[in-house]
Amino acid sequence: MDERANAMARVWQVVRAIPPGATASYGEVARRAGLPRRARWVAVALKAAPAAQRVPWHRVIGANGRIAFPAGSRLHREQARRLRAEGRTVAQGRVVAAARGARPGDLDEWLWKR
DNA sequence: TGTATGACCCTGA
DNA sequence: CTCAGGGCCATAC
């Protein structure tokens, strides 16, 4: 099996490891998957993720705490809906940090609800 | 082969 | 806070 499929599987695994209600940034996921500086590629991997893999893609957001989809798009609304369903607050396309002083995609945020 | 386009990120102004 | 600039890299055409 080639490295590409391998890396993609690692990304899905990392995303599946994000607990409900928590969020991580693309860059964070990339690092945890052993693919530093490849945040962009994480997006490609998520887009290619089969529904059967049950990858919680909605828990992955930009490093700035923003939903990456264009405001108003169908997926943007879908992601906001799912996050709110897990107890998160989304305002102006931005996910409000769960912990004071932390950013939504930080490692601190990741550990927050473990 | 070359260019354009993103579900990105970081730094500096 | 916003904006630009540079880096990154798979995909589409």
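The analysis underlying the following values was restricted to heavy atoms, covering all of them including side chains, and did not include hydrogens, waters or symmetry mates. Protein chains get the first letters and strands the later ones, always in sequence-line order, with residue 1 at the start of each.
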Output yes when A/Glu86 and A/Arg82 qualify as a salt bridge under the 4.0 Å nitrogen-oxygen rule, no when they do not.
no

Positional range of nucleotides in DNA chain C within the contact set of chain A, heavy-atom, under 4.0 Å
C/dG7 to C/dT11

For A/Arg16 and A/Gln53, test the side chains for any donor-to-acceptor distance below 3.5 angstrom and give the result as yes or no.
yes

What interatomic distance, in whole Å, is found between C1' of C/dG7 and the corresponding atom of B/dG6?
15 Å

In Å, rounded to the nearest 0.5 Å, how long is the span from CZ of A/Arg32 to CD1 of A/Ile18?
8.5 Å

Does any part of the side chain of A/Val96, heavy atoms only, come nearer than 4.5 Å to the side chain of A/Val90, both counted from C-beta?
no

Considering only nitrogen or oxygen atoms on both sides, find all protein atoms under 3.5 Å from nucleotides 6-13 of chain B and state each distance.
from: B/dG6; atom 1: N9; to: A/Arg40; atom 2: NH2; distance (Å): 3.4
from: B/dG6; atom 1: N7; to: A/Arg40; atom 2: NH2; distance (Å): 3.2
from: B/dG6; atom 1: N1; to: A/Arg40; atom 2: NE; distance (Å): 3.4
from: B/dG6; atom 1: N3; to: A/Arg40; atom 2: NE; distance (Å): 3.4
from: B/dA7; atom 1: N3; to: A/Tyr26; atom 2: OH; distance (Å): 2.9
from: B/dC8; atom 1: N3; to: A/Arg40; atom 2: NH1; distance (Å): 3.2
from: B/dC8; atom 1: N4; to: A/Arg40; atom 2: NH1; distance (Å): 2.7
from: B/dC8; atom 1: N4; to: A/Arg40; atom 2: NH2; distance (Å): 3.4
from: B/dC9; atom 1: OP1; to: A/Tyr26; atom 2: N; distance (Å): 3.2
from: B/dC9; atom 1: OP1; to: A/Gly27; atom 2: N; distance (Å): 2.9
from: B/dC9; atom 1: OP2; to: A/Ala63; atom 2: N; distance (Å): 2.8

Are A/Val15 and A/Leu46 packed together at the side-chain level, in the sense that at least one heavy-atom pair is separated by less than 4.5 angstrom?
yes

To the nearest 0.5 Å, tell me how far A/Gln79 CD sits from A/His58 NE2.
8.0 Å

As an exercise, state the distance from CD1 of A/Ile61 to CD1 of A/Ile67, rounded to the nearest 0.5 Å.
8.0 Å

Please indicate whether A/Glu78 has more than 12 foreign heavy atoms, meaning atoms of other residues, nucleotides or ligands, lying under 6.0 Å from its CD.
yes

